[in-house]
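Reviewing the structure listed below.
What you see is a predicted model; the values in this text were computed from it and never measured.
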Amino acid sequence: MWPCVGGGGHSAVSGSAPCRFAHYFVICGIDTDTGLEPDEYLYLHLEKCKYSSHLFPYPLICPGENFEQSPLKRTFKSKVLARYPENVSGNPFDQDAVNMLCMPKGLSFRTQADQRRPQFHSFIITKEDGSRTYGFVHTFYEEVTSPQICSAMQTLYQMHNAEHASANPPSSSSSSSSSTGSYDSSRDTLYVSKALCLITPMPFMHACRRFLSQLHRAVTAATAPPLPLESYVHNILYEVPLPAPGRSLKFHGVYEPIVCQRPGLGELPLADFSLAEAFSLLGVENLVQVFNCTLLEMQILLYSQDYQRLMTVAEGLTTLLFPFQWQHVYVPILPASLLHFLDAPVPYLMGLQSKEGTDRSKLDLPQEANLCFVDIDNHYIELPEDFPQFPNKTEFIQELSEVLLSFGISAKAGAPPRTHSSPGSTPSTPNREHKTVALRQLVDDGRNGNLAGEELTVLELLQGNATLERLQALTKRTGVMVAHVDALRAGVKAQGTEGQGNRTAAEEEEIRNAKLNVQLREVFASRFITMFADYESFVIQSAPDLESWLTNREQMHNFDKASFLSDQPEPYLPFLSHFIETQMFATFIDNKIMSQWEEKELLLRVFDARIDKARLYNVRAPSLRSSNYQRCSVLKESAQAIEQRLMKIDHTAIHPHLLDMKIGQGKYVQGFFPKLQADVLNTGPSNNKWSHRTASAQRRKDRLRQKTEHLNLDNDLKEKYMQEARSLGKNLRQPKLSDLSPAVIAQTNWKFVEGLLKECRMKTKRMLVEKMGREAVELGHGEANITGLEENTLIASLCDLLERIWSHGLQVKQGKSALWSHLLHYQAREEKLEQQQADSPVSYVPERRKSDSSISLPSLHISLIQDMRHIQSMSEIKTDVGRARAWIRLSLEKKLLSQHLKQLLSRQALTKKLYKRYAFLRCEEEKEQFLFHLLSLNAVDYFCFTSVFTTIMIPYRVVIIPIKKLSNAMTTSNPWVCVSGELGDSGIMQIPKNVLEMTFDCQNLGKLTTVQLGHDNAGLLAKWLVDCVVVRNEITGHTYRFPCGQWLGKGVGDGSLERVLIGELVVPNAEEDSGRGCWTPPLQRSPTQARRISITSLSEPTSGQIQEAIGEAVNNIVKHFHKPEKERGSLTVLLCGENGLVAALEQFFHHGFKSARLFQKTVFVWDFVEKAVAYMESADQMGDLQETAEPLGMTCQSVCRYVNAINSTSRNIGKDGKFQLLVCLGARDRLLPQWLPLLVECPVILRMYEDTALLRDRTPVNTLIGVLETLHDFPITLESSLVKGIDL
């Protein structure tokens, strides 16, 4: 019995469809009753071509093509002439689609002078639910016997020649007519293409190809076949079953038996398209790069003259995705009438047929920012600019190359990939190409036992000649590949083992291909098994039942992405962080969650079984988090399983036999494929045991289905939910291939618009949730769940979405980036207006009012054009796509993205000029919602421009704000300033006298951390009380405030002439910019005067509060080191900021400190430290320290050395600054816990501290020592601004 088991490459046989090998046999060709019909769709598009060079600028159909081209080269309509049976339940016949894909270019005509070799190609029809049906087509040329068609062709030629003669002078017309070929019915024989097609539920490509070619051979052979043709067609339609999983099947063609096999349930699903061919067409490296683009869901466009090549590469790519499945538009052969689909603003995988002699440069595609273009015939690819590489790419390519070489196939085909940013590079030269093609043919001949004697001799000579052998070894060592010889040798070796078991060369070749296919696929599968071995641990199963899960699908987090990424090796992160955001990964996880309630999806079942097996052998455990490459370990056994099935046939189908036909039926004329007898082919055999079983199995299945429908969720509702749940583009896997009315095209575009809006909503929501989650953590809530890498991934995917939105419905494409092109148009118009209004400039945008905190800073004008100019002046960015991405990042960082885009789209005349009516940007309601979603991103702070463009020059503005009430606004001394950030510092810059504001240009400093401010104490008015310093990045508008609140001058305060100030990011007031909602909390800053005063005032913090503050400060430093390195932020803030370690220790030392002496100047903590050190030094000289233990003596020396070094520095940092420096150096060098006991034991403490002081209580001191020791585990490094001038 042959049970109906789904397990095909991508979809199971539809439940109600019979389990037959083939569903339909179809004949397409010319309908002699209707005669020659030009293809109206192509004419429709020609009309459009006249008005819009954008819509169809392809060389496939250029304006006037059908008039300038000779009639033999024109496009005429084909028809489905016959199909058997009329219909199959569960797989209704789609006549338009089948006709279009059997003959994508329509009918083609030839004369006896032209080549008329039969061609084979395959196609695929993807249904709305994602299931697939395969078609296999054998196209051949048949003589035209209809006099009407011959005379119509002759008339067309006469018209064409007359038109040509009038258009061209006589001299050239004669030569051109001879070159285009001509037709004269009295002299020439006319041939027209006809197609035989099998439509099957599973892709048994080799078997179908052999069956169709034998069927065609039967018609052209000199002797009639053994049985009428109807017998063979009836046999394959009704008497050949699908092989069961893990079994092989033999059935009979007209002349030879045909064998096919189906993988078992634990094996990789069926894939019968030759991967060897795909690899040799593109080369291993190119194919891996295209595969990577497919995984990252870019737009993939395949380009070739040969339909079968398009299909081979497309099916090869989707097969290799196991266990994932392509979720977007999938049209391996795009019929000429569907070219508008290249405008689709979604990821797609499409194949476009190139015309002979056309060049890639003439192919102007609607959008290229995210396009991977694959020119199959010229063996080269063009890649998008900026995407992460596949993990362990080099070792991966090496392993694939070795598998190919073991089968005698060179891995070196294909030209090096080109990115869109290097249009100058050319594809491989024709000469080199011919050589590689010739070589490949030679290798193939060797494999098929067709090596000529001469070549065999060459090989034997090489193998027998020691000198040549040595030469070959030498060339290998120097990196030159002698692929020719290697391949020949491997081919001959393979040939030597051929012919075993009396198998024909064709069978041998088939087994070889099947083994190579499965081994290549196993290498790919093993990469995913390594990468996702632990994926199950991160799946979030939160719903109690299927219905509630489907209902809340969009609101739910299904996969713990952050934890998953934190568990992966560092080199994998760029790729994985992008990949886990794709639709194919989301669907894979959805399938995993749904497998709790329903049967496991096939690919998932196989993948999970593989992972379990790997765990059983404990392959993964030791190498978790290791990026070491693990080679595939199942190559041998996977090939053996296939070989065994093909050697030992499990089932032989019923032989073709005579049917119940009347005498005289079934006759035909040699060379002409007849119209078959429909009465015998439209119904299957009634006495076939197999069909009875199928019917009863089907009845059982129907009963079961009705039962489950009552039990489960109502199916229609479930389907609706599923369509919703399975996100974008999924119901647009393949365009409708039938009715191409304007209404259908409009509806398709409407689906795209809805899809884009939904994608925008999801992306902005994800960016918000992730970012806010992280900021909540910085406030002390919950756990961090986003990394800088992940944030970068989300922003890159937002850039990609904006490019796709701006590419949708373009009138005329200009440049690679549609968004940047629109911005340039806008800039040109605005600059023109600016010139016209030069006398009275008008600002379209209200200026931002600054808050009081930055009252002295001139307001920064908001200008879309100004931001564009900043980007245009960046010499680092070389391409339009790069400029658009930089502009998006800058706008996002400035919280102006939504506002800028609204401004851009407010010029409606420009939008109308650039975009067609159906474009997303001209759908008013959707556009408003889109801008609103982008506005929500203003709720969080991004540094996505500053952190990415680290080498650019940035103008900064510095303003110094003195406290005027208490001191001079100006000073007679010479002030200076030095600004530092996470990426470097500006160096010391002199501030012109009596100037409180200055600007300077400097390489990007990143987020600003500290400002050093000082003066040289010259002149009479050398004392300066500074409130704060404000610094603004003039490109991003980020403003930092560095509070000071202290004197700079000798004999005032602590006598400091320079201070290190810690910065905070200034937040604009809420009324200042509506729509900027919630804000990130400010960073810590340098302690203000208010806090310094409170230290000595009556409202002193309690000892409990002081100890808590120290614990908190140390805790923050520990947390800092537990973050990923790229996301740690500034350690200086945690050491010297408002709630930093220095401030907390200062409070500890101030507790019970006798500092307020009557009629005496203020005493500082540093005075106590100096006195303690002086005591230690004098005690050391007296010899009192001689008796102390050696380590203690060493510690005494170290504290004295550090204090003296700080005192003798050339910097005038004052007493507070010196204490700060001592704490920082002690923390860095892990000495603080050793110094504390010495200071506590020192007799000076009795004079300077009250009895109740914390420093005189052993318990809190010991606790403090314990807390400070926890910092010893971390490498504390100090910013150069803190330790300048100290050499320890």
- Item | Min side-chain heavy-atom separation Ile795-Arg889 under 4.5 Å | yes
- Item | Flag for Glu399-Tyr629: side-chain donor and acceptor within less than 3.5 Å | yes
- Is a salt bridge present between Glu522 and Arg610, judged by a nitrogen-to-oxygen distance below 4.0 Å? yes
- Judged by atom type as modelled, is there a donor-acceptor pair below 3.5 Å linking the side chain of Glu297 to the main-chain atoms of Gln583? yes
- Query: Are Glu402 and Arg631 within salt-bridge range, i.e. N to O under 4.0 Å?
  - Reply: yes
- Message: Hydrogens and angles aside, do Thr879 and Glu385 bring a side-chain donor and acceptor to less than 3.5 Å of each other?
- Response: yes
- Item | Pair Phe528-Phe322, ring pair (Phe, Tyr, Trp, His ring centres under 6.0 Å): steps then yes or no | CA-CA 8 Å; Phe528 289 123; Phe322 168 88; 8.2 Å; no
- Message: Looking only at the side chains, is there a donor atom on one of Thr318 and Gln325 sitting less than 3.5 Å from an acceptor on the other?
- Response: no
- Stepwise side-chain hydrogen bond (donor to acceptor under 3.5 Å, both in side chains) check, Asn392 with Tyr572: CA-CA 8 Å; Asn392 298 112; Tyr572 289 14; 2.8 Å; yes
- Item | Gln299 side-chain N/O to Val346 backbone N/O, donor-acceptor pair under 3.5 Å | yes
- Would you call the rings of Phe291 and Phe396 parallel, tilted or perpendicular if under 30° counts as parallel and over 60° as perpendicular? tilted
- Task: For ring pair (Phe, Tyr, Trp, His ring centres under 6.0 Å), just list the numbers for Phe532 and Phe585, CA-CA rounded to whole Å, side-chain angles, deciding distance to a tenth of an Å, and then say yes or no.
- Result: CA-CA 11 Å; Phe532 293 99; Phe585 185 76; 5.7 Å; yes
- Query: Can Glu637 and Lys613 be counted as an ion pair, charged N to O under 4.0 angstrom?
  - Reply: yes
